[in-house]
Amino acid sequence: MGFHCPSLVAWNMVSMSKHTTAVFREAHPEPPFWRVRFEMVNPPRPGCFLLADFGAPLREVLFPAALHTEGFDVLVPPGHPVQRLLPGESVDLLGPFGRGFQTEQVERLLLVAEAQLLSPLLPLLEAAPMVTLVLAAPTRALLPPAQRFPPSVELHLITQDGSVGYAGTLETCHNADSPLLEAIPWADRLCASCDPAFYPKLARMVRQQRLNPPPNFAQVLIQVAMPCGVGACEICRVQTVNGERRACTDGPVFDVLDFVF
Amino acid sequence: MGFHCPSLVAWNMVSMSKHTTAVFREAHPEPPFWRVRFEMVNPPRPGCFLLADFGAPLREVLFPAALHTEGFDVLVPPGHPVQRLLPGESVDLLGPFGRGFQTEQVERLLLVAEAQLLSPLLPLLEAAPMVTLVLAAPTRALLPPAQRFPPSVELHLITQDGSVGYAGTLETCHNADSPLLEAIPWADRLCASCDPAFYPKLARMVRQQRLNPPPNFAQVLIQVAMPCGVGACEICRVQTVNGERRACTDGPVFDVLDFVF
Amino acid sequence: MIELAPNHKFGLPIATPVLPAAGVFGYGDAYRDLVDYRCLGALVTHPVSLHPRRAAYPPRIAVRGEHLLIHTGHPNPGLSAILRQYRDLWERLGVPVILHVLAGTSAEMAEVMDKLSGETAIQGIELGLDEHTSVEKALALLRSICLNSDLPVIVRVPFVGVSALASPLAEAGADALTLTSPPRGLLPLSEASDDEPLPLMRGRLYGPAVFPLLLQQLSYWIPRLPVPVIACGGITSIADARACLALGAVAVQLDAVVWRHPDLLATIAKELANDSDNATP
Amino acid sequence: MIELAPNHKFGLPIATPVLPAAGVFGYGDAYRDLVDYRCLGALVTHPVSLHPRRAAYPPRIAVRGEHLLIHTGHPNPGLSAILRQYRDLWERLGVPVILHVLAGTSAEMAEVMDKLSGETAIQGIELGLDEHTSVEKALALLRSICLNSDLPVIVRVPFVGVSALASPLAEAGADALTLTSPPRGLLPLSEASDDEPLPLMRGRLYGPAVFPLLLQQLSYWIPRLPVPVIACGGITSIADARACLALGAVAVQLDAVVWRHPDLLATIAKELANDSDNATP
Ligand SMILES: Cc1cc2nc3c(=O)[nH]c(=O)nc-3n(C[C@H](O)[C@H](O)[C@H](O)COP(=O)(O)OP(=O)(O)OC[C@H]3O[C@@H](n4cnc5c(N)ncnc54)[C@H](O)[C@@H]3O)c2cc1C
Ligand SMILES: Cc1cc2nc3c(=O)[nH]c(=O)nc-3n(C[C@H](O)[C@H](O)[C@H](O)COP(=O)(O)OP(=O)(O)OC[C@H]3O[C@@H](n4cnc5c(N)ncnc54)[C@H](O)[C@@H]3O)c2cc1C
Ligand SMILES: Cc1cc2nc3c(=O)[nH]c(=O)nc-3n(C[C@H](O)[C@H](O)[C@H](O)COP(=O)(O)O)c2cc1C
Ligand SMILES: Cc1cc2nc3c(=O)[nH]c(=O)nc-3n(C[C@H](O)[C@H](O)[C@H](O)COP(=O)(O)O)c2cc1C
Ligand code: FES
Ligand code: FES
């Protein structure tokens with residue numbers, strides 16, 4: 001059963017533009033994470049992602065935690081497979097993929113994150129003249145040290161046990177004096193990275209504080225499993241007011257108003 | 001469905017004497033292999049083996065290629081998982097297992113090997129006052145350099161393409177002038193590590209040169225898959241004149257006369 | 001060319017024996033920046049149903065070593081929406097389009113075929129079957145397609161259903177069979193505790209260990225079936241693909257491995273084309 | 001104590017729910033320097049036949065990623081030789097001995113049971129069945145054991161045969177079922193070439209990917225079966241063992257993982273004993 005492929009030669013000529021590599025540069029501890037630096041020509045914009053092949057059956061979703069002219073950093077947990085890479089080794093990547101954060105022409109940027117999901121917001125710490133970060137964690141020890149942040153960032157901490165900052169959770173930030181509620185009217189853009197279960201609540205807070213917020217005033221990142229990154233597997237579907245959407249191609253950054261059910 | 005285990009405490013008290021560890025010391029290239037040094041209290045005798053856990057679904061069979069007072073060396077191919085070990089790291093081992101070579105009170109020791117199976121014979125290079133090694137390979141480039149062997153060893157090379165030494169294979173060493181046939185009458189012990197398909201032929205050569213060789217005059221090592229090492233899986237069975245035997249517990253060193261069918 | 005439907009009046013010729021499995025490749029535009037579609041024998045679409053289907057409740061994926069358990073619920077916007085959105089793309093794609101169809105009843109299937117009548121963008125149907133579909137139901141679905149459509153029909157046979165379904169389907173007029181759908185598995189999502197019931201995830205099993213199970217089925221069934229067999233399950237290398245063809249499969253479908261290595265589709269297609277060039281005198 | 005044979009007149013109580021699977025642990029002395037046998041609920045022996053069986057022609061094992069394909073031919077010196085060699089050891093072992101028996105016909109099985117009559121070293125039988133054993137043959141073998149012996153009988157059900165065999169066997173008097181034997185697979189031993197037929201190895205598949213397939217079977221079948229179920233297949237951790245018990249299995253059998261981690265038998269037995277101590281008031 002022989003067959004010939006007329007276009008055999010031509011296959012190589014199509015630009016397969018989303019298959020790329022990055023070069024591992026170095027990694028150093030930044031408790032509770034490791035900061036890993038890669039060199040790459042077109043690193044993903046904040047909120048966009050890459051799929052890295054580290055040998056597992058699924059590629060790993062990488063959100064940049066910092067962007068440089070010549071590449072980007074990511075934060076990974078200790079024991080991560082990157083620790084087996086040697087400086088100069090290259091990593092097989094697909095991407096960049098997705099719709100990221102839009103912060104052009106923003107003056108007053110409000111960032112909202114749970115500490116363990118903070119990393120995709122880090123590239124935005126100096127994305128506007130005025131930046132406020134509301135950061136929540138169960139307890140003080142799970143928060144990064146304040147001196148890690150640029151001095152220009154106004155930092156509001158929330159801990160569930162009250163060990164530092166406002167005592168409570170993002171979910172319970174209803175009181176007028178809560179740092180989140182106070183900051184929403186001030187901001188002209190909100191970017192969040194939290195448990196998606198919080199977003200309907202956040203949408204209500206935004207509605208309550210801003211009456212008619214413009215589209216994309218509050219942009220929220222959804223971190224779910226994204227096996228393919230291109231809209232092929234349908235595993236990353238999330239429910240929105242407009243029906244199901246794919247986190248990988250329609251997100252992973254959505255308008256919070258998509259979650260007002 | 002609760003249950004109690006009366007002997008729960010006692011379990012730990014039985015000596016589980018064949019589960020052990022060795023400490024990885026260092027590895028250096030010895031083309032076409034890497035020589036890897038381990039520290040271990042009771043290293044296996046020549047021809048005996050260990051089962052090492054390097055992360056694969058089956059443990060790997062390790063034959064010592066050299067024995068030291070404080071441990072042993074093995075030869076492994078490049079790219080072997082030991083290259084991921086750090087000096088001082090320990091390796092989980094089962095063993096030592098098996099019946100090894102017996103070379104006590106031997107004066108004239110004849111070693112016979114195919115080059116790629118040589119390593120389990122290396123600890124015997126100085127096991128007797130006089131040692132002759134008959135070493136076969138398809139071509140010169142696949143033989144280790146002569147200066148790797150102690151000067152006391154008399155070396156006879158056989159290459160299939162005649163690029164060095166006797167032109168032929170172990171199987172075709174019938175002629176009276178062949179190094180193998182010449183050496184058999186001289187020796188008072190023969191230890192071999194070859195493709196098992198050769199052993200029936202070797203047995204005939206031994207019979208022909210020695211008429212009534214004493215038991216264990218010619219000892220041959222069989223390298224087959226040995227998943228359990230203890231006689232539990234029945235995967236290592238080999239056919240002998242006395243019926244099937246297990247390489248792991250009845251061998252891996254057998255009397256060549258076991259293979260006179 | 002390779003003929004997937006030698007007994008069909010129009011046939012379903014494909015240029016290379018490498019296809020994506022239904023559900024891993026979307027509807028034809030998802031991989032535009034990663035795969036040159038000309039390397040594909042055909043596009044096998046994500047499963048499509050008559051009415052829209054919503055995604056299964058998460059989690060939808062679990063990893064066990066080298067293996068994945070996946071459970072999506074086969075969400076899709078329904079046939080009409082799919083046709084509206086992809087018809088033009090499919091016409092321009094340059095490779096045959098095989099629509100993977102899900103349907104619960106033969107009446108539903110008849111409606112699906114009705115909507116497809118006159119549709120020139122589609123060259124074949126792949127019928128998806130549930131794990132424990134009875135012979136009667138499988139034959140009824142197949143008959144409903146054949147009665148209401150001229151398109152060649154491939155049936156993708158469930159892993160546990162090959163013994164019961166393969167021969168009856170081939171005799172009832174399936175033009176080809178895809179062996180097999182992924183086996184169904186179950187995994188705990190966290191450790192068991194005495195207090196609560198164990199949270200479990202049910203799904204389809206993907207990964208390299210499925211391959212020896214597939215080959216076992218191929219070696220037994222290909223000589224016993226009068227229709228071409230497309231191999232699917234745990235194929236992750238050119239050697240795997242070659243082994244399937246050596247056992248007589250006409251083509252291979254790659255499944256979850258495509259997400260990790262989209263380039264494998266073209267790599268395997270090229271290597272097999274070389275094999276074939278070397279073999280033909 | 002855990003009762004493996006609650007409906008049997010003598011029963012088959014075991015102290016821990018952890019057993020070695022037939023074929024991975026020998027006959028009771030192989031692991032003497034590596035496993036404290038008191039951690040085992042019972043010894044399940046290597047498969048034994050009436051007459052001696054020789055090993056299958058090599059290769060007998062192939063590795064695919066995390067998985068093994070194994071094919072031994074179940075060599076053994078035959079029942080009489082085994083009894084002669086191990087009877088005394090079994091009497092002293094301190095744990096019940098379950099003899100795994102292979103037999104081609106019910107007449108052969110009757111002879112096996114005859115040789116076992118009066119044998120006090122054995123507390124139970126595990127019946128091994130071939131992959132595509134028919135219901136009639138399986139029931140005939142079971143009946144032959146029950147007619148000719150007083151021992152409790154566990155049947156180890158083939159992976160593809162659970163649907164057909166599990167209920168009939170349980171209703172016909174099996175005291176317990178082991179779910180399942182390993183699935184059969186096929187692997188190429190080298191790359192395919194056009195000139196020669198592909199060298200293939202057929203065997204049983206072992207490894208962690210078998211576990212989700214096992215759990216799927218357990219979750220469906222345990223509630224539907226009137227007898228205890230012993231879980232076997234790809235169990236490689238304490239979490240796996242707990243999941244099986246959480247689904248209602250009375251015990252677990254560890255298979256090829258024992259060769260890599262013989263200590264896992266004791267580790268799992270201890271952890272499960274702790275679980276059980278914490279649960280009982
Ligand atoms: C006769 C019979 C024998 C069984 N034997 C066993 C056994 O031996 N072992 C065992 O573990 N389980 C067995 N089962 C159970 C079976 O495998 C499922 O676990 C059971 O059907 C429940 O599945 P589910 O709820 O997860 O639904 P799913 O199997 O996920 O399916 C849910 C729905 O999706 C539909 N569906 C799925 N795929 C398709 C498709 N491609 N096309 C059209 N419709 C689709 C189904 O019809 C169903 O309505 C048996 C079931 C039956 C009916
Ligand atoms: C009704 C039927 C349906 C089949 N359907 C399929 C199918 O859908 N897919 C498929 O791939 N193959 C199928 N087969 C083929 C089957 O799985 C085997 O591949 C086939 O029987 C040949 O196996 P083998 O030669 O490798 O021998 P093995 O299966 O290795 O067995 C050889 C011999 O060992 C005996 N034996 C093995 N284990 C035991 C045991 N525990 N106790 C007692 N005796 C034992 C057998 O009886 C036999 O005599 C089917 C076979 C039959 C009979
Ligand atoms: C085509 C199809 C595929 C499905 N796949 C899975 C699956 O992989 N795993 C699973 O646990 N459930 C699966 N389901 C079950 C669904 O998530 C959901 O439980 C089921 O669809 C509800 O029944 P119904 O939609 O048939 O009415 C599937 C259902 C269908 C119809
Ligand atoms: C109990 C048993 C187990 C076997 N296991 C395998 C196996 O795992 N893989 C395989 O390819 N053949 C297997 N065989 C097949 C044998 O190697 C051999 O082909 C077969 O035994 C020849 O047929 P007979 O002994 O039943 O007459 C098995 C046979 C038996 C009886
Ligand atoms: S990650 Fe596959 S569809 Fe979004
Ligand atoms: S290695 Fe298992 S019996 Fe020899």
Side-chain angles (χ1 to χ4, degrees), chain C residues 62 64-69 131-132 159-160 162-164 183-220 234 236-247 275-276 278-280, chain D residues 62 64-69 131-132 159-160 162-164 183-220 234 236-247 275-276 278-280:
Chain C
R64 181 173 169 96
E66 301 167 339
H67 293 79
L68 301 174
L69 202 67
E131 186 78 348
H132 286 273
F159 180 77
V160 299
V162 182
S163 275
R184 303 300 300 260
L186 187 64
L187 277 178
L189 290 172
S190 59
E191 288 241 341
S193 91
D194 280 321
D195 310 333
E196 308 133 40
L198 186 65
L200 293 163
M201 180 185 150
R202 204 174 292 277
R204 301 166 249 137
L205 185 72
Y206 293 88
V210 176
F211 181 68
L213 304 177
L214 166 68
L215 273 198
Q216 163 80 9
Q217 297 282 21
L218 295 182
S219 80
Y220 185 81
T236 53
S237 68
I238 169 71
D240 292 353
R242 282 202 184 104
C244 294
L245 299 197
L247 287 176
D275 294 0
S276 166
N278 297 342
T280 33
Chain D
R64 181 175 169 95
E66 300 167 340
H67 293 79
L68 302 173
L69 202 67
E131 186 77 347
H132 286 273
F159 180 76
V160 299
V162 182
S163 276
R184 302 300 299 263
L186 187 64
L187 276 178
L189 290 172
S190 59
E191 288 241 342
S193 90
D194 280 321
D195 311 333
E196 308 133 40
L198 185 66
L200 292 163
M201 179 186 152
R202 204 173 291 278
R204 300 166 249 137
L205 186 73
Y206 292 88
V210 176
F211 181 68
L213 304 177
L214 166 69
L215 274 199
Q216 164 80 9
Q217 297 283 22
L218 295 180
S219 80
Y220 185 81
T236 53
S237 69
I238 169 71
D240 291 353
R242 282 201 185 106
C244 294
L245 300 196
L247 286 176
D275 293 359
S276 164
N278 296 343
T280 33

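Below, read A as the first sequence line, B as the second, and so on, with proteins coming before strands; counting in each chain starts at 1.
Side-chain atoms of C:Ile238 and C:Arg242, non-hydrogen and from C-beta on, do get closer than 4.5 Å to each other. Put simply, the side chain of D:Val162 does not reach to within 4.5 Å of the side chain of D:Tyr220, judged on heavy atoms.
Residue contact with chain D, scored on non-hydrogen atoms closer than 4.5 Å, is absent for C:Tyr206. Of the two parts of D:Leu205, only the side chain, counted from C-beta on, holds a non-hydrogen atom closer than 4.5 Å to a non-hydrogen atom of chain C.
We find the CE-CZ distance between C:Met201 and C:Arg64 to be 13.5 Å, quoted to the nearest 0.5 Å. Note that CG of C:Leu187 and CG of C:Leu200 are 8.5 Å apart. Values are rounded to the nearest 0.5 Å.
The candidate with the highest count of non-hydrogen atom pairs below 4.5 Å against chain D, out of C:Leu247, C:Leu215, C:Val210, is C:Leu215.
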